[in-house]
Amino acid sequence: MKPFVLYLLAGIVSCVVCAGALPLLRRVAARAFLDVPGGLKTHQGSVPVLGGCGVFLGMISGLVFIRLTTAFPSGTLHTLRGICLGGLLVFLLGLIDDLNKPNGVKIALKLLVQLAAVAALIYYGIVIRVFPSPWLAWPLTFLWVAGLTNAFNLLDIMDGLCVSQGVICTLGLAFIALPGEYVYVNFAALSLLGACLAFWPYNHVRKKIFLGDSGSTFIGFMVASLSIGTGYSGHTDWGFLAPLFILAVPLFDTGFVSLARLLKGKNPLKGSPDHIALRLKKAGWKPGYIVAAFAGAGLLCNACAWGLTRAGFSTVIGLFAAAGVAAVALTLYLLKLPAD
């Protein structure tokens with residue numbers, strides 16, 4: 001069977017399993033596991049929060065299906081074990097957090113479990129290789145993966161916002177990885193894509209279900225982990241910078257929220273209404289337009305990422321200069337919008 005067909009099957013199986021599990025999960029969660037409005041949460045009524053279980057089950061099912069129906073290339077299964085083990089730790093942490101709302105899990109424990117999840121990645125060879133020294137590569141890997149895990153959690157502040165970025169980022173990763181030999185990235189990215197596509201409508205229907213921390217952090221962890229494994233420098237030495245564009249939207253959102261809180265003298269790790277989406281909503285933007293704007297920005301950044309994998313030095317400098325100017329201008333504009 002051709003690889004393209006297998007990639008497609010991984011996404012389809014993941015999508016079908018997730019879509020089939022979500023109605024059952026909603027009925028189970030509707031009895032006790034609910035997200036109640038209050039504080040930063042302005043949704044109408046209590047909403048079940050076990051949607052992340054559907055995404056997790058969907059993605060894992062897609063990978064298991066491919067594992068049982070194909071002979072994985074040498075080394076692929078070894079690497080997938082690291083990603084799945086780390087993803088399981090992050091998912092379980094998020095699930096415990098969801099089931100213990102409103103108190104949740106303490107920040108220190110979250111960071112400790114995320115450190116263990118990144119350690120699993122490193123043990124199985126998934127590490128940022130910009131620096132040859134492990135004393136530089138390992139901390140950088142933790143900062144990248146843990147930062148993006150929490151960045152996607154921050155994005156989960158509005159219906160469709162987090163999962164849409166999950167779709168766009170996995171599309172970017174798959175599009176760049178597919179021509180190469182990074183088979184585990186191809187299968188994992190398309191399995192995650194299928195699960196996210198199946199979940200997305202459930203963020204908008206009347207009988208909705210939320211991702212919860214289990215879903216948002218799992219998506220963030222998987223995308224961050226897969227971004228390390230993709231080959232970017234087949235055409236240019238500067239391709240290794242592509243993940244900065246693939247994940248530019250969640251990175252910028254987290255950076256902005258942290259900056260806005262610091263400027264107010266607040267702890268950047270504590271919740272506040274400084275999110276970009278909430279500022280835009282308070283300024284009169286409709287939620288659908290906000291999600292579309294985030295999606296458009298994500299697609300543009302992923303197009304730049306693809307170009308970066310084929311660009312020369314002068315083009316790379318131009319792209320980063322333009323991105324820097326746009327980021328500064330957008331930051332100044334957003335800081336002027338009301339937050340409280």
Side-chain angles (χ1 to χ4, degrees), residues 52 56 59 78-97 104-156 162 165-166 169-170 172-173 177 182 184-185 188-189 192 213-233 239-259 261-262 267-271 305:
F56 176 80
M59 181 180 178
H78 175 82
T79 311
L80 271 176
R81 288 194 187 103
I83 290 180
C84 290
L85 177 57
L88 176 62
L89 289 174
V90 169
F91 166 73
L92 291 176
L93 173 68
L95 184 60
I96 293 171
D97 198 31
V105 177
K106 295 184 181 298
I107 293 176
L109 179 58
K110 288 185 179 181
L111 292 175
L112 183 62
V113 174
Q114 288 171 9
L115 178 61
V118 175
L121 293 179
I122 295 172
Y123 178 80
Y124 283 94
I126 305 168
V127 61
I128 295 176
R129 303 189 184 278
V130 176
F131 303 106
S133 171
W135 299 109
L136 293 175
W138 293 353
L140 183 60
T141 301
F142 172 74
L143 290 174
W144 176 257
V145 176
L148 281 164
T149 298
N150 294 300
F152 273 81
N153 189 222
L154 281 176
L155 276 175
D156 195 25
C162 177
Q165 287 301 308
C169 292
T170 49
L173 288 170
Y182 294 82
Y184 77 90
V185 175
L192 181 58
D213 283 3
S214 62
S216 61
T217 55
F218 176 72
I219 292 173
F221 178 86
M222 297 306 297
V223 170
S225 302
L226 294 175
S227 71
I228 297 174
T230 300
Y232 302 101
S233 300
F240 72 92
L241 297 171
L244 294 174
F245 278 94
I246 294 175
L247 293 150
V249 172
L251 287 171
F252 177 77
D253 181 76
T254 299
F256 175 82
V257 173
S258 299
L259 175 63
R261 289 171 178 171
L262 287 171
N267 185 339
L269 299 178
K270 296 289 185 179

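Please read all numbers here as calculations on a predicted model, not as lab measurements. Only this structure's heavy atoms are used, side chains among them; waters, hydrogens and symmetry mates stay out. The chain is numbered in sequence order, starting from 1.
Residues that satisfy the side-chain contact (heavy atoms from CB on, under 4.5 Å) test with Leu259, not counting sequence neighbours, are Leu263, Thr331. Residues satisfying the side-chain contact (heavy atoms from CB on, under 4.5 Å) criterion with Ser214, sequence neighbours excluded, are Phe91, Leu95, Asp98. Residues satisfying the side-chain hydrogen bond (donor to acceptor under 3.5 Å, both in side chains) test with Asp156, not counting sequence neighbours, are none. Judged as a side-chain contact (heavy atoms from CB on, under 4.5 Å), and not counting sequence neighbours, the contacts of Ala117 are Leu89, Val90, Phe221. Every residue two or more places apart in sequence or in another chain was checked for a side-chain contact (heavy atoms from CB on, under 4.5 Å) with Leu143, and none qualifies. Scored by the side-chain hydrogen bond (donor to acceptor under 3.5 Å, both in side chains) test, Thr217 finds no partners at all (sequence neighbours excluded).
Evaluation of the ring pair (Phe, Tyr, Trp, His ring centres under 6.0 Å) test over residues 130-154, restricted to residues two or more places apart or in two chains, returns none. Each side-chain hydrogen bond (donor to acceptor under 3.5 Å, both in side chains) pair with one or both residues in residues 105-127, not counting sequence neighbours, appears once here: Asp97-Lys110, Gln114-Asn150.
Once rounded to the nearest 0.5 Å, the distance linking OG1 of Thr170 with CD1 of Ile219 reads 8.5 Å.
Judged by distance alone, the side chain of Ser227 and the main-chain N or O of Ala224 form a donor-acceptor pair under 3.5 Å.
Ala188 and Met59 make their closest contact through O-CE, 3.4 Å (heavy atoms, listed as atom of the first residue, atom of the second, distance).
Leu251 places a side-chain heavy atom less than 4.5 Å from the side chain of Leu148.
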